[in-house]
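Structure record follows, encoded as structure tokens.
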Amino acid sequence: MALLEVNNLNVRFPTEDGVVHAVRDVSFTVDRGEVLGVVGESGSGKSVTNLAMMGLLPRSTRIDGSIKYNGDELVGLPRKRQTKYRGNELGMIFQDPMTSLNPVYTIGWQIAEAVRAHQDVSKKEAVGRAVELLELVGIPQAAKRVESYPHEFSGGMRQRVMIAMSMANSPQVLIADEPTTALDVTVQAQILETLVDIQQRTNIAIILITHDLGVVAGMADRVLVMYAGAAVELGAVDDIFYRPRMPYTIGLLGAIPSEASDGQKLRQIKGATPSLINMKPGCAFSARCPLVFDRCLTETPVLEAVDEPGHLSACHLRHEIDPVSVRSLFSPEVIAEVDA
Amino acid sequence: MEDREFSVAARSQRRTIARRFLRHRPAIVSLVVLTAITLFVFIFPIFWEWPFTKRDKTALSQPPSWDHPFGTDELGKDVLGRVMRGTQRSLEIALIAAFLVTIIGVTLGAIAGYFRGWIDAVIMRFTDLILTLPLLIVVAVVSVGYPGSPWYTIPVILGLFAWTTLARIVRAEFMSLREKEFVEAARAVGARDRRIIFKHILPNLAGPIIVAATLSIAGTIITETALSFLGLGVRAPDVSLGLLIQESLTAFKTRPWLFWFPAVAIVTVCLSVNFIGDGLRDAFDPKQNRIKA
Amino acid sequence: MFRFVIRRLLVVLPLLFASSVLTFLLVTNIGMPKKIEDAMARPNFSQQQVDSLRRQFGIDKPPFERYKNWVTDFVKGDWGTNQNGIEIRPLLWERMQVTVRLLLAASIMSVVLGVLVGIIGAIRQYTAFDYSMTFFAFLFFSIPAAVLAGFLKEFGAIKLNPWLREPSISTPIAIGIAVFGLVAGLLIMRNRYKYERERPLSKVIVGAVAGFGIAVGCLLVFTLVWGGNLYRAGNPKPLISTVGQTTPGFEGTLWETVQDYFWHMILPTTALVMIGFAGYSRYMRASMLDVMTSDYVRTARAKGLKERRVTVQHGVRNALIPLITIVALDFGALLSGAIITETIFGWAGMGRFFTEALTEKDPRSLLAFVMVTAVSVVVFNLIADIIYAQLDPRIRLD
């Protein structure tokens with residue numbers, strides 16, 4: 001049995017302009033000790049999916065489907081019982097470490113609070129645990145630094161504190177929501193290293209949410225690609241990078257500069273993600289897809305298996321697609337052309 | 001090309017704001033009520049046979065009747081005529097004061113926030129200085145020095161001392177906006193300070209400024225009432241809502257209609273203005289966007 | 001900490017100096033004291049009389065010298081005499097005690113009330129409670145102090161006193177109160193489970209019954225306890241007073257004096273509390289909404305803390321910080337409200353001191369009054385700064 005099992009997850013937000021269908025029929029699993037990368041542009045539902053697992057969405061959100069942790073159903077759980085999983089079985093770190101820590105309490109206090117939320121230990125023991133955790137994430141002079149306030153730390157250091165805090169109760173799953181996006185490039189690498197290090201030491205499962213394919217390539221075992229609230233491709237990291245079977249994934253890969261694409265033009269996906277209010281039937285990507293044909297406009301494709309084991313794609317043409325020729329169908333980016 | 005894109009974005013943003021405002025029901029109701037009251041008090045007196053100074057010697061201290069819908073005071077003056085005139089005056093005072101507050105507050109706040117340095121220091125210390133004295137007390141002391149002066153000195157004095165809050169808001173916004181990329185860009189292409197202030201930064205502040213200006217209208221009416229209560233507001237034979245309240249407080253028990261009509265007029269006007277301000281704030285600042293339950 | 005206070009004082013002292021100049025200019029601008037105007041209006045006035053009066057009011061010298069004398073005397077504590085020859089400092093001191101009693105009670109109550117309502121309004125956003133409190137806040141915002149006080153006088157005292165003397169609740173009203181309790185309990189419980197998938201009917205019923213029970217209980221307690229109140233039985237006067245801060249010549253035990261104070265304070269305090277509550281509740285609600293949607297509150301939830309702990313330790317704690325400044329800044333407005341309220345309820349406080357000085361155009365009294373308010377405003381802001389620095393570690397203390 002998988003550690004985390006998401007089945008037909010649907011998330012809807014009521015807003016002034018209508019109901020936003022932010023996550024549509026998403027299903028995937030996470031195994032013990034694996035790193036799952038979740039990629040997609042902003043608004044693709046990747047964060048919302050994970051916030052739903054944590055039970056951190058606003059109360060008015062409608063969540064349907066099933067999220068099973070170790071066989072326990074999390075959807076529809078009363079708020080009070082959700083706190084048993086949150087921070088204890090599932091830890092989470094966020095995008096912006098500058099605002100994610102409470103400015104008025106010391107680091108030690110905040111980590112100790114997380115410890116004491118789930119473990120029956122004294123304050124002193126909890127602070128001792130906080131020091132251990134800070135050492136684990138590589139903060140020098142941890143015993144002294146527990147007395148510091150968040151504003152006395154740099155962005156990278158604060159993200160380490162966040163990681164330490166999320167690890168306070170040795171959770172089985174760590175959800176990292178764009179953990180490096182708000183940081184300097186040099187610091188990004190250090191934070192990712194810390195995550196890798198922790199993953200190897202504790203064998204925790206990590207869900208790494210990002211729009212940076214480079215980060216995913218380096219860390220993930222498997223990748224879930226999301227578009228407009230739906231899962232459009234899921235597979236081992238090599239399958240996704242070398243044998244993508246969904247035009248959106250191909251377009252996404254074409255938009256990153258890398259050594260492999262040296263000498264080639266960068267490609268961009270024209271257009272913007274569709275509105276998630278009153279979505280039309282058919283494939284959500286059809287408006288931007290170079291391979292669009294009449295079936296795409298009427299029938300919504302679902303995730304279905306392609307050749308490799310565990311590789312799924314939501315495209316009517318998943319068996320016929322040739323990544324290289326599809327890539328050239330996306331329009332070349334102007335800047336790249338000038339450079340070439 | 002870039003210009004056109006900008007104007008399209010601006011127009012659609014304006015439409016979003018208008019739509020959000022229209023959805024704020026209390027604000028819309030208030031807008032209708034306030035417009036109706038304003039039109040009524042400025043137009044109806046032309047046709048009304050009892051102007052605020054005319055005495056009906058056959059009807060002294062009469063409760064509301066068909067001839068005098070709001071009753072009459074002890075001199076036989078028609079309360080409806082007086083309330084209409086008082087509302088007119090109070091609205092005029094409020095508008096002049098709000099106008100002055102906006103002009104002074106925005107100018108000083110913009111200069112302080114944009115140029116910073118010693119100009120900022122001088123303006124902000126001056127603001128602190130004004131803030132050491134409560135508004136009502138300053139305005140009362142100043143008003144004593146101008147006995148028998150025409151009504152429009154009151155909003156002028158109010159305006160001269162009430163701009164501090166707005167100046168602080170504008171300054172803070174300017175401080176953060178002047179560091180933004182689009183200002184940097186404007187400066188890089190050689191735009192002058194004046195152009196940056198008026199064309200690039202101020203339009204972004206329309207929201208907070210309009211809201212503050214609206215709310216200061218209600219604030220002025222309240223302060224004017226307090227001033228009139230101290231005998232320093234509009235002076236007889238002219239009337240304002242505050243003066244009507246002051247005159248009628250002692251007659252509350254015997255001739256309640258003298259108190260009730262101006263009181264209801266003040267509260268209705270201020271409540272409407274405050275709700276409109278709230279609606280505008282919601283419309284301009286979607287941060288606290290409401291999610292329907 | 002000590003250095004922080006010193007540094008703030010170094011800012012405050014020049015500010016007070018500038019404030020004294022402004023005060024002096026404003027007061028000089030008001031012209032002749034009324035006494036001199038009256039003297040000059042008399043047909044047989046002599047220049048000599050006027051000169052001696054000018055000397056009496058201390059306005060016989062050129063402005064600069066007058067300012068110098070005033071400031072030095074003021075700092076020394078010699079504030080001079082008013083138009084009736086009464087020493088200003090003891091008089092103002094006495095009046096201040098009366099006003100401070102009112103302001104203190106009103107501030108504490110309006111802050112507590114405003115904060116509580118603001119918190120509940122924010123965490124139960126867009127519920128019946130939130131909407132009705134929002135409406136009341138706007139309503140109180142829109143009522144001038146004079147109207148509010150006149151209103152309270154009529155309905156809070158003149159109409160209420162006879163009823164308080166012979167309290168009786170008619171059956172329809174008693175039933176109405178009980179039904180209100182039932183509906184309130186029902187709504188509160190329904191609200192609580194608004195977003196949960198299952199709405200346990202039993203809990204809603206329990207809530208409604210509890211609300212009903214509380215309402216009936218209050219009615220019973222009221223009839224039993226109030227019916228036998230001794231102070232009321234032994235005191236022939238109307239209970240809620242509309243004039244003055246104490247009963248003139250009242251002597252009694254400490255307990256009776258406290259009751260006497262209480263019945264006099266109740267209306268003016270209510271008026272000020274309503275005015276203050278409006279602002280604080282709106283501000284606290286906005287601040288709380290801001291904090292509760294912040295990233296660090298999301299972090300606190302992600303830690304698996306109970307919602308109550310998230311709300312109190314992370315929500316309220318942080319939302320209170322900006323309120324400190326607002327309360328301090330509002331002191332001036334509250335004082336202005338107190339001036340009006342005191343005048344209407346006939347209190348001999350700072351309000352009366354000020355209005356008397358204004359009508360007499362007595363320069364020394366006005367100077368003393370305005371300067372005292374300026375000093376208190378500055379002191380309040382200083383205290384607020386210190387509390388702020390205590391609550392927010394980002395403001396460095398040294």
Side-chain angles (χ1 to χ4, degrees), chain B residues 26 125-126 128-138 140-147 165 215 218-219 221-226 228-232 241-242 245-246 248-250 252-253 256 259 262-264 266-275 277-278 281 287-288 290-293, chain C residues 11 14-16 18-19 21-23 26-31 125-127 134-135 137-139 141-147 149-151 153-154 158 194-195 282 286 289-290 293 329 331-337 339-340 343-344 354-355 357-359 361 366 369-370 373-375 377-378 381:
Chain B
R125 290 298 82 75
F126 187 55
D128 286 347
L129 173 61
I130 302 242
L131 276 172
T132 56
L133 303 176
L135 181 64
L136 178 65
I137 291 170
V138 186
V141 173
V142 175
S143 307
V144 172
Y146 300 96
T165 320
L215 294 180
I221 295 178
I222 302 275
T223 314
E224 190 271 329
T225 311
S228 292
F229 180 76
L230 296 175
L232 299 168
L241 287 178
I245 293 288
Q246 194 256 340
S248 60
L249 261 177
T250 45
F252 197 107
K253 239 165 123 184
F259 172 80
V264 168
I266 289 192
V267 175
T268 314
V269 170
C270 289
L271 198 58
S272 310
V273 173
N274 280 328
F275 271 127
D278 191 49
R281 182 173 18 220
K287 206 170 62 186
Q288 296 185 349
R290 48 185 70 198
I291 294 175
K292 269 191 217 141
Chain C
V11 180
L15 186 63
L16 278 179
S19 193
V21 175
L22 180 65
T23 304
L26 291 178
V27 173
T28 310
N29 182 51
I30 65 172
Q125 204 186 358
Y126 305 130
T127 57
T134 301
F135 177 77
F138 274 108
L139 185 66
F141 250 147
S142 311
I143 305 183
V147 175
F151 208 78
K153 216 169 173 171
E154 175 70 10
I158 296 166
K194 199 169 180 179
Y195 300 114
R282 290 310 289 168
L289 278 176
D290 215 34
T293 50
L329 276 178
F331 172 73
L334 204 61
L335 186 67
S336 308
I339 288 172
I340 305 294
T343 313
I344 290 180
F354 182 54
T355 44
L358 271 184
T359 32
K361 296 203 277 179
L366 280 176
F369 178 86
V370 179
T373 46
V375 171
V377 168
V378 168
N381 281 311

Go through it in stages, so that I can follow the logic: the residues are C:I340 and B:T225, the test is side chain to side chain contact (heavy atoms under 4.5 Å, CB included), and I'd like the CA-CA distance, side-chain angles, deciding distance and then a yes or no. CA-CA 10 Å; C:I340 305 294; B:T225 311; over 6 Å; no
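- Within the 4.5 Å cutoff, side-chain heavy atoms of C:I30 are placed close to those of B:V141.
- Counting only heavy atoms from C-beta outward, the side chains of C:N29 and B:V144 never approach each other to under 4.5 Å.
- The side chain to side chain donor-acceptor pair (under 3.5 Å) check on B:D128 picks up B:R125, B:R168, with sequence neighbours excluded.
- Using a 4.5 Å cut-off between heavy atoms, B:L232 touches chain C through its side chain atoms alone.
- Proximity to chain B involves both the backbone and the side chain of C:L358, based on heavy atoms less than 4.5 angstrom apart.
- With respect to chain C, the highest number of heavy-atom pairs below 4.5 Å among B:A218, B:C270, B:S228 belongs to B:C270.
- Between the CG atom in B:L271 and the CD1 atom in C:I143 there is a gap of 8.5 Å [rounded to 0.5 Å].
- Only the side chain of C:T355 has a heavy atom closer than 4.5 Å to any heavy atom of chain B.
- Taken from CZ in C:R282 to CG in B:N274, the straight-line distance is 10.5 Å, to the nearest 0.5 Å.
- For a residue to count as touching a neighbouring chain, one of its non-hydrogen atoms must lie under 4.5 Å from one of that chain's; by this rule C:F369 touches chain B with the side chain only.
- For a residue to count as touching a neighbouring chain, one of its non-hydrogen atoms must lie under 4.5 Å from one of that chain's; by this rule B:F126 does not touch chain C.
- Between C:P144 and B:I245, every side-chain heavy-atom pair lies at or beyond the 4.5 Å cut-off.
- Looking only at side-chain heavy atoms (C-beta outward), C:I339 and B:I137 come within less than 4.5 Å of each other.
- Both the backbone and the side chain of C:V147 come within less than 4.5 Å of a heavy atom in chain B.
- Annotation: side chain to side chain donor-acceptor pair (under 3.5 Å) contacts of B:S248 (sequence neighbours excluded): none.
- Between chain B and the residues C:I344, C:L16, C:T23, C:T28, the most heavy-atom pairs under 4.5 angstrom are made by C:I344.
- To the nearest 0.5 angstrom, B:L133 atom CG is 11.0 Å from C:L335 atom CG.
- Interface remark: B:L249 contributes side-chain atoms only to the contact with chain C (heavy atom separation under 4.5 Å).
- Nearest approach of C:F135 to B:F275, heavy atoms of both residues: CD1-CZ, 3.9 Å.
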* **B:I222/C:F141 under side chain to side chain contact (heavy atoms under 4.5 Å, CB included): CA gap, chis, key distance, verdict** => CA-CA 9 Å; B:I222 302 275; C:F141 250 147; over 6 Å; no
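- For the pair C:V377 and B:L131, the minimum side-chain heavy-atom distance is 4.5 Å or more.
- For the pair B:L135 and C:S336, the minimum side-chain heavy-atom distance is 4.5 Å or more.
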